Chemist: 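Submitted below is the structure of interest, expressed as structure tokens.
Just so you know, these numbers come straight off a predicted model, no measurement behind them. Here is how names work: the chains are called A, B, and so on, in the same order as the sequence lines, proteins then strands, and each is numbered from 1.
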Amino acid sequence: MAKEITARDEDYSQWYNDIVKKAGLASNSAVRGCMVIKPNGFAIWENMQSQLDKRFKETGHVNASFPLLIPKSFLSKEAEHVEGFAKECAVVTHHRLMNDPNGTGVVVDPSAKLEEELIIRPTSETIIWNTYRDWINSYRDLPLLINQWCNVMRWEMRTRLFLRTSEFLWQEGHTAHASSQEAEEETRMIQDIYAEFAEEYMAMPVIKGVKTANERFAGAIDTYTIEALMQDGKALQAGTSHFLGQNFAKAFDVKFLDENQKSQHVWASSWGVSTRLIGGLIMTHSDDDGLVLPPKLAPLQVVIVPIPKPDPVIDEVAEKIMAALKEKGISVKYDMDKKKRPGFKFAEYEMRGIPVRVGIGKRDLEKGQVEIARRDTKEKSAQPVDGIADYIEQLLEDIQNNLFQRALDFRNERITKVDSMEDFKSVLEEKGGFLSAHWDGTTETEKKIKELTKATIRCIPLDAEVEEGQCVLTGKPSQQRVLFAKAY
RNA sequence: AUGGGUGUAGCUUAGCGGCCAGAGCGCGUGUUUUGGGAACACGUAGGCGUCCGUUCGAAUCGGACCACUCAUACCA
């Protein structure tokens, strides 16, 4: 049994915190609400980055970098945007410190007050659109497809490692297009990229949908989302892609001359995923023994443990296996620590979520075998050393698929159709997950249901069937079901 | 931000006005071990979140602040 991890059914939040800390992913820092991402956690982020970055580039995007600080006046140029973010902005007001005249330490030098305060970016639409004004003159300059990997800051009241921190790492794409249709296509294509990445790499099933007006990004016409379901039955917004219409182009006066020599405002999209994905990854797969990582994102895919300790005979076999695995591009480590016993190492690597463990002991070697343990099911089996690299390569694939299938089954079992508020409440309380229900389309009803149940509309699924029905709260006519859930 | 809880070595914690702040884990060295978190010995490490106050005397009492945590609210 794993030491020191709180069981999930005992206290899910505590379990989550235990995993993050014990698996060495992240910790709180000296700065309120800001985390230190430790090497084990950052390596996962790097793997996510490289996969996503590859897909962005394949679809014509390029990376750039814009300033961390945004002039205060920029924020207020788009009315809804400022309203959405104003309450959570960190503000830079001075540019110099001085020795405290009354004692030790330093104080802000009052003479170094900035003429215009600077905002630490909560998102970069404003500074980027202000820049795009200079970059875009003609339809020949479009589309402009730019992404940046960076940190942003939102002064959140309550923070949780990875899920909601004041500072977080993300990528934000900001694109400019000549037509509304093209910008919308971009928005949906990015949603597809996010969904495909979530499912194929994170093994995390997601539902693609559109946000209601109430849940929309501040300043967007439409917000496309991917929604995942966590083990405790709560939903997680895993990525969003916004169709911004001409809102920012108008706010920052970004125009282009079209082929008919007519001046037009450009059309925009913006989209992002963040380190929150790591939180989603944890809450999709991990168990009471620790982290469980999908092989495609695991910083280390295979660990070899000598049983009971390193030994020339065992080392030789390990070296061979490592060479064969590396040739296949599989990451592997041989644990040569002589002081720690095998049982300790087993538990340790399970805690860290290494997908496959190879145990090499003399008893098995005599039979030409090694022990293979898979993290997802915790099954162990003896396998012949001959052809072991092929076996492991296949096993990693099986684990990846199994994790996805397991999560998919779990999620699908927790999408429940409900047609009355009584069912709505009881299913939400007893089972959790997504509730598929009719809704009359008004923000008023949405808010009322939230008040009554704490559940929000996670999305209007893109694949929803047209179905005549009545709003679960008001009984007014509805054309399709939407998905409700309690959310992170 | 509101309401509840917590803050003593790296971690978990005992002590709850005076008596050297004590232990387990960890960490280091050594010995014996080693097929699912080894045992023993010796050693290492804290002035009790911060500040102010009460007191002859504060980790213990009071206040303010800070941080973390749970619930509510907001978000990627």
Side-chain angles (χ1 to χ4, degrees), chain A residues 1-6 11-14 16-18 21-22 27-35 48 83-89 122-124 150-173 194 198 211 214-218 223 225-228 235-242 270-280 289-290 305-311 314 337-351 357 359-366 369-371 373 378 380 382 447 450-451 454 456 486-488:
Chain A
M1 267 299 104
K3 279 182 183 171
E4 299 166 16
I5 295 184
T6 306
D11 183 344
Y12 196 78
S13 294
Q14 188 57 50
Y16 176 82
N17 288 332
D18 285 350
K21 286 178 182 154
K22 302 284 157 55
S27 63
N28 287 313
S29 70
V31 185
R32 185 206 125 99
C34 297
M35 64 177 164
M48 289 178 163
E83 198 175 313
F85 287 103
K87 281 180 272 181
E88 46 188 39
C89 287
T123 178
S124 303
C150 66
N151 56 347
V152 289
M153 174 158 279
R154 298 180 187 176
W155 210 260
E156 301 286 353
M157 290 309 175
R158 286 276 305 113
T159 59
R160 296 195 64 193
L161 293 171
F162 291 117
L163 296 173
R164 190 189 305 116
T165 46
S166 291
E167 182 191 22
F168 56 91
L169 306 185
W170 76 346
Q171 58 71 215
E172 47 179 327
Y194 286 161
K211 287 292 189 188
N214 190 42
E215 298 272 331
R216 211 175 270 156
F217 175 76
T223 287
T225 179
I226 56 170
E227 297 284 327
L236 183 77
Q237 179 173 312
T240 46
S241 181
H242 316 292
S270 73
W271 29 274
V273 293
S274 72
T275 36
R276 170 180 275 187
L277 287 179
I278 296 174
D289 293 319
V305 177
I307 300 170
K309 62 178 176 183
D311 166 294
I314 293 174
D337 192 328
K338 291 174 188 151
K339 296 279 173 165
K340 298 200 168 68
R341 307 171 92 208
F344 180 89
K345 293 178 180 178
F346 295 168
E348 190 67 20
Y349 291 117
E350 276 159 17
M351 173 86 80
R357 185 181 73 236
I360 308 180
K362 287 193 173 169
R363 196 190 298 165
D364 289 333
L365 272 189
E366 280 166 19
Q369 293 179 329
V370 291
E371 181 185 83
K378 302 207 72 190
K380 291 191 285 194
K447 285 184 173 163
K450 184 177 182 182
E451 263 170 50
K454 292 176 194 163
T456 51
K486 286 189 193 170
Y488 271 95

Chemist: With P as the reference atom in both, quote the distance from B/rG5 to B/rC61 in angstrom, rounded to an integer.
Modeler: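 Roughly 15 Å separates the two P atoms.
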Chemist: Tell me if a side-chain donor or acceptor on A/Glu156 pairs with a main-chain N or O of A/Arg164 at a distance below 3.5 Å.
Modeler: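 No: the side chain of A/Glu156 does not pair with the backbone of A/Arg164.
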Chemist: Can you find a pair of side-chain heavy atoms, one from A/Lys211 and one from A/Gln237, that are under 4.5 Å apart?
Modeler: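 A side-chain contact under 4.5 Å exists here.
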Chemist: Has the side chain of A/Arg216 got a donor or acceptor atom that lies under 3.5 Å from a matching backbone atom of A/Thr223?
Modeler: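 Side chain of A/Arg216 to backbone of A/Thr223: no pair is present.
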Chemist: Within this structure, what is the CG-to-P distance between A/Leu365 and B/rG35, rounded to whole angstrom?
Modeler: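 My rounded result for the distance is 16 Å.
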Chemist: Tell me, please, which residues at least two apart from A/Arg357 pass side chain to side chain contact (heavy atoms under 4.5 Å, CB included).
Modeler: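 If we apply the side chain to side chain contact (heavy atoms under 4.5 Å, CB included) test to A/Arg357, skipping adjacent residues, the hits are A/Val303, A/Val305, A/Phe346, A/Glu350, A/Glu371, A/Ala373, A/Lys380.
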Chemist: With a 3.5 Å cut-off and heavy atoms only, can you find an N or O donor on one side and an acceptor on the other between the side chain of A/Lys380 and the base of B/rG36?
Modeler: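 Side chain to base: pair found, below 3.5 Å.
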Chemist: Using the P atom in both, what is the distance from B/rA14 to B/rU8, to the nearest Å?
Modeler: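 Per the computed distance, 10 Å lies between those P atoms.
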Chemist: Suppose we define a pair by two distances each less than 3.5 Å, Watson-Crick or G-U wobble; what does B/rU44 pair with here?
Modeler: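 WC or wobble partner is B/rG26.
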Chemist: Is it true that A/Asp337 and A/Lys345 make a salt bridge, defined as a side-chain N closer than 4.0 Å to a carboxylate O?
Modeler: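 Answer for the salt bridge query: no.
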Chemist: Using the C1' atom in both, what is the distance from B/rG49 to B/rA58, to the nearest Å?
Modeler: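 Going atom to atom, C1' in each nucleotide, I get 16 Å.
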Chemist: Counting only distance, no hydrogens or angles, is the base of B/rG36 paired donor-acceptor with the side chain of A/Glu350 under 3.5 Å?
Modeler: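 Indeed, a donor on one side and an acceptor on the other fall under 3.5 Å apart.
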Chemist: Using a heavy-atom cut-off of 4.0 Å across all strands, would you classify A/Glu172 as base, sugar-phosphate, or nothing?
Modeler: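 Nothing, no heavy atom under 4.0 Å.
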Chemist: Which part of the nucleic acid, if any, lies within contact of A/Gly33, taking any heavy atom under 4.0 Å across all strands shown: a base, the sugar-phosphate backbone alone, or nothing?
Modeler: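 It contacts sugar-phosphate atoms only.
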Chemist: Suppose we define a pair by two distances each less than 3.5 Å, Watson-Crick or G-U wobble; what does B/rG18 pair with here?
Modeler: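 When the pairing criteria are applied, B/rC56 turns out to be the nucleotide that pairs with B/rG18.
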Chemist: For the atom pair CG (A/Leu169) and CE (A/Met35), what is the distance rounded to the nearest 0.5 Å?
Modeler: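 Rounded to the nearest 0.5 Å, the CG-CE separation comes out at 6.5 Å.
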Chemist: Taking syn as within 90° of 0 and anti otherwise, name the glycosidic form of B/rG47.
Modeler: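 For B/rG47, whose glycosidic angle is within 90° of 0, the conformation is syn.
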Chemist: Distance check, C1' atoms only: B/rC11 and B/rU6, in whole angstrom units.
Modeler: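 To the nearest whole Å, 16 Å.
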Chemist: With sequence neighbours excluded, tell me which residues meet side chain to side chain contact (heavy atoms under 4.5 Å, CB included) with A/Lys21.
Modeler: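 Per chain and number, A/Lys21 pairs via side chain to side chain contact (heavy atoms under 4.5 Å, CB included) with A/Asn28, A/Leu161.
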Chemist: Restricting to ring-ring contact (aromatic ring centres under 6.0 Å, His included), what partner residues turn up for A/Phe168, sequence neighbours left out?
Modeler: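 If we apply the ring-ring contact (aromatic ring centres under 6.0 Å, His included) test to A/Phe168, skipping adjacent residues, the hits are A/Trp170.
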Chemist: A/Phe344 has an atom CZ; how far is it from atom C1' of B/rG35, in whole Å?
Modeler: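 Going from CZ in A/Phe344 over to C1' in B/rG35 covers 17 Å.
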Chemist: What are the atom names and distances for every N/O pair under 3.5 Å that joins the protein to nucleotides 32-34 of chain B?
Modeler:
from   : atom 1 : to       : atom 2 : distance (Å)
B/rU34 : O4'    : A/Arg341 : NH2    : 3.2
B/rU34 : O4     : A/Lys309 : NZ     : 2.5

Chemist: With a 3.5 Å limit on both atom pairs, tell me what B/rA38 is paired to, counting Watson-Crick and G-U wobble, or say none.
Modeler: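 Matched B/rA38 with B/rU32 under the 3.5 Å cut-off.
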Chemist: Could you tell me the separation between the CZ atom of A/Arg160 and the OG1 atom of A/Thr165, rounded to the nearest 0.5 Å?
Modeler: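 Those atoms lie 12.0 Å apart.
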Chemist: When you compare the protein's N or O atoms with those of nucleotides 69-76 of chain B, which come within less than 3.5 Å of each other, and at what distance?
Modeler:
from   : atom 1 : to       : atom 2 : distance (Å)
B/rC70 : OP2    : A/Arg158 : NH2    : 2.8
B/rU72 : OP1    : A/Lys454 : NZ     : 3.4
B/rC74 : OP1    : A/Lys450 : NZ     : 2.7
B/rC74 : OP2    : A/Lys450 : NZ     : 2.4
B/rC74 : O2     : A/Glu156 : OE1    : 2.8
B/rC74 : N3     : A/Arg164 : NE     : 3.3
B/rC74 : N3     : A/Arg164 : NH2    : 3.4
B/rC74 : N4     : A/Arg164 : NH1    : 3.4
B/rC74 : N4     : A/Arg164 : NH2    : 2.4
B/rC75 : O2'    : A/Arg154 : NH1    : 3.1
B/rC75 : O2     : A/Arg276 : NH2    : 2.9
B/rC75 : N3     : A/Arg276 : NH2    : 2.9
B/rC75 : N4     : A/Arg164 : NH2    : 3.3
B/rC75 : N4     : A/Tyr488 : O      : 2.1
B/rA76 : OP2    : A/Gln237 : NE2    : 2.8
B/rA76 : O3'    : A/Gln237 : NE2    : 3.4
B/rA76 : O2'    : A/Gln237 : O      : 3.4
B/rA76 : O2'    : A/Arg276 : NE     : 3.4
B/rA76 : O2'    : A/Arg276 : NH1    : 3.1
B/rA76 : N6     : A/Thr165 : N      : 3.4
B/rA76 : N6     : A/Thr165 : O      : 2.8
B/rA76 : N3     : A/Ser274 : OG     : 2.6

Chemist: Report the residues that fulfil side-chain hydrogen bond (donor to acceptor under 3.5 Å, both in side chains) with A/Thr275, sequence neighbours left out, ordered by chain and then residue number.
Modeler: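 Here no residue qualifies.
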Chemist: Tell me which nucleotide, if any, is Watson-Crick or G-U wobble paired with B/rA67 when both distances must be under 3.5 Å.
Modeler: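 Base-paired to B/rU6.
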Chemist: Check the distance between B/rC11's P and A/Met351's CE and give it to me in whole angstrom.
Modeler: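 So the CE-P distance, A/Met351 to B/rC11, works out to 16 Å.
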Chemist: Expressed as a whole number of angstroms, how long is the span from A/Ile5:CD1 to B/rC11:P?
Modeler: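 Atom CD1 in A/Ile5 sits about 18 Å away from atom P in B/rC11.
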Chemist: Expressed as a whole number of Å, how far does the P atom of B/rC65 sit from that of B/rG3?
Modeler: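 Approximately 12 Å lies between the P atom of B/rC65 and that of B/rG3.
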Chemist: Round to the nearest Å and state the distance from A/Asp18 atom CG to B/rC68 atom P.
Modeler: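 Result: 17 Å.
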Chemist: Take atom P in B/rG10 and the same atom in B/rG28, then report the distance between them in whole Å.
Modeler: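 Going atom to atom, P in each nucleotide, I get 16 Å.
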Chemist: Need the pair for B/rA1. Rule: Watson-Crick or G-U wobble, both distances under 3.5 Å, any strand; none if unpaired.
Modeler: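 Checking every strand shown, B/rA1 finds its partner in B/rU72, with both distances under 3.5 Å.
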